Amino acid sequence: MRLRRLDIFCFALAFLAPSIVQGKAPAAPASPESALVSSFLDRHRVDGVVVIQQWTCLDVHYRESDEGLSGRLVGVVETCIQTRAGCDEAGVVSTQDDPRIRLDDVEVEVRRGDDVQRYRRKDLRWIEMTSRGDGVITLDGTIAQARIPGLQVGDRVRVRHEYELKGISGLMPHQLGFSGLPCLQAVYEIRVPVYYMLVWAAQGPAASRQRLTHAERPDDGRVVHTWRLDADADGSLPTCRDRYPSVGIKPHVREAGRDQRDATWCGDDWPRTGGAYLGEIQHLFEPDEAIKQHVENVIAGVTDRREMIDRIYASVQQRCRYLGLFEGAGGLIPVPAAEVYELGFGDCKGLGTLLISMLRAAGIEAHPVLVLASSTERLAADIPNLAQFNHYIVCADDGG
């Protein structure tokens, strides 16, 4: 079953308890005024579903015992069904759950005139499946879907998710708005301690980025960063490249004050952030005796460096199969080279790490390279956040 486009959380990599953040979960802002909503709905009657409000709040801090950012993630999407086809579009609720992104609760509210029907997580029938995407399967994570029963044209549907976060490796990119759906109000909040420094970049069509606003304010020892993407005062939206305004926010914790650690999720520049990551994984490249002997046999009698690289690369391809299985921090940290060699399979990080180990055993300089492999996204080059990347390849010095 394919996830629908109304899914509200976008975690590109699987870096993925009791409550980490004390107190009540943050409350979503009030729904837009009824007159504005009516005008907005009138302008978009041909769309099967329109989004009245999209709100996501991330409240996190660094926790040493978790080796990463921990806290709470809360999100709300409120939609209105305009056509019969829209009943199917708005009727699927999706969740994810794994040890680092733990689902706490789901609430669904269906408003039909003066009648309101409410559902909790236990009230819906869920189909649960292994979390997978782009050829990767997360062993300790699941995705679940449920259908909201009895939806009709004109219904207002409000879905609220709450998650506990434990030791995530970085602030994930987030999409404000839906390029294929009209959205009246989109809000993204990040709450961090006042002594944290947060930097960010916005990506999307110029017409969309021009509508983006950002503000920050103190709130009881924390700083709240808020990004907003709103329709005009009369409920109208401009025509953008992908139909409707949508902006990607790429945030990053640059400094964490007294919580600063040499962790992969923070750093004020690429050398610091990348260097911290390399420090975490450097020992995984160490070749054991079996790898050393294998490399010796593969390059026996060869003196040309490029031919050595070709032979070692081919031997990895022949010995190992690609298998994107991992759990927990395995979305970021590779399996040791010796383990990949013994098992005969690995994901991009595992196969790359084995290749680096073999090349180094042959005396050839080699390094890991993180890549953003996407036909639509662009790297925010000024934001040294490793969470932007979704692929791992190898750079080898061939002498040229």
Side-chain angles (χ1 to χ4, degrees), residues 9-27 56-75 95-105 131 138-141 161-174 188-200 216-226 249-269 272-281 326-334 383-389:
F9 304 124
C10 178
F11 289 90
L13 301 175
F15 298 153
L16 314 173
S19 180
I20 302 298
V21 178
Q22 301 301 316
K24 295 182 179 180
T56 304
C57 180
L58 185 63
D59 191 343
V60 292
H61 65 281
Y62 180 78
R63 184 167 175 171
E64 187 170 9
S65 61
D66 295 337
E67 298 182 339
L69 291 166
S70 296
R72 185 184 292 272
L73 175 68
V74 183
T95 67
Q96 71 178 92
D97 194 11
D98 66 51
R100 297 194 174 204
I101 307 174
R102 177 66 66 190
L103 179 64
D104 190 35
D105 200 8
S131 177
T138 307
L139 293 175
D140 58 355
H161 293 71
E162 291 188 24
Y163 290 86
E164 294 288 351
L165 306 181
K166 184 177 181 181
I168 61 173
S169 300
L171 298 176
M172 296 298 118
H174 178 77
Y188 182 34
E189 294 183 10
I190 295 181
R191 299 169 180 244
V192 292
V194 292
Y195 47 87
Y196 282 36
M197 179 181 291
L198 188 144
V199 294
W200 58 280
E216 56 182 278
R217 59 179 174 82
D219 180 23
D220 193 24
R222 305 182 78 72
V223 174
V224 182
H225 291 261
T226 303
I249 305 297
K250 293 195 172 181
H252 176 60
V253 177
R254 180 176 175 178
E255 296 178 10
R258 63 173 178 261
D259 288 339
Q260 187 72 55
R261 301 288 187 275
D262 287 331
T264 61
W265 56 268
C266 66
D268 56 5
D269 55 30
R272 176 187 174 88
T273 309
Y277 175 66
L278 187 60
E280 287 282 324
I281 67 173
F326 56 77
E327 58 185 2
L332 183 65
I333 306 299
I383 307 298
N385 183 356
L386 299 180
Q388 297 184 71
F389 301 110

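This chain uses plain numbering: 1 for the first residue, then up along the sequence. Since the structure is predicted, the reported quantities are computational estimates derived from the model, not experimental observations.
- Side-chain contact between Pro251 and His174 is absent, with no heavy atoms from C-beta onward closer than 4.5 Å.
- Rounding to the nearest 0.5 angstrom, the gap separating the CZ atom in Arg191 from the CG atom in Asp220 is 10.0 Å.
- His252 contributes no side-chain N or O that, together with a main-chain N or O of Gly170, makes up a donor-acceptor pair within less than 3.5 Å.
- Between Val224 and Glu189, the closest heavy-atom pair is CG1-OE1, 4.0 Å.
- A 4.5 Å side-chain heavy-atom check between Lys250 and Asn385 finds every atom pair outside the cut-off.
- Screening Val60, Asp59, Asp104, Thr56 for a side chain to side chain contact (heavy atoms under 4.5 Å, CB included) with Leu73, the sole residue that qualifies is Thr56.
- One distance of note links NE2 of His61 with OH of Tyr195; it measures 8.0 Å at 0.5 Å rounding.
- A 4.5 Å side-chain heavy-atom check between Glu164 and Lys166 finds every atom pair outside the cut-off.
- When side chains are defined from C-beta on, Ile333 counts as touching Tyr277, because their heavy atoms get closer than 4.5 Å.
- Counting only heavy atoms from C-beta outward, the side chains of Arg272 and Pro384 never approach each other to under 4.5 Å.
- Side-chain atoms of Leu171 and Leu69, non-hydrogen and from C-beta on, do get closer than 4.5 Å to each other.
- Residues meeting the salt bridge (charged side-chain N to carboxylate O under 4.0 Å, His left out) test with Asp269, sequence neighbours left out: none.
- Counting heavy atoms from C-beta outward, Leu198 and Ile190 have side chains that approach closer than 4.5 Å.
- No donor-acceptor pair under 3.5 Å is formed between the side chain of Arg100 and the backbone N or O of Ile168.
- Shortest non-hydrogen contact noted between Tyr188 and Leu58 is OH-CD2, 3.8 Å.
- Considering every non-hydrogen atom in both Pro173 and Ala387, the closest pair reads CD-O, 4.2 Å.
- The closest donor-acceptor contact from the side chain of Tyr196 to the backbone of Val223 lies at 3.5 Å or more, if one exists at all.
- The nearest pair of heavy atoms linking Leu103 to Gln96 is CB-O, 3.7 Å.
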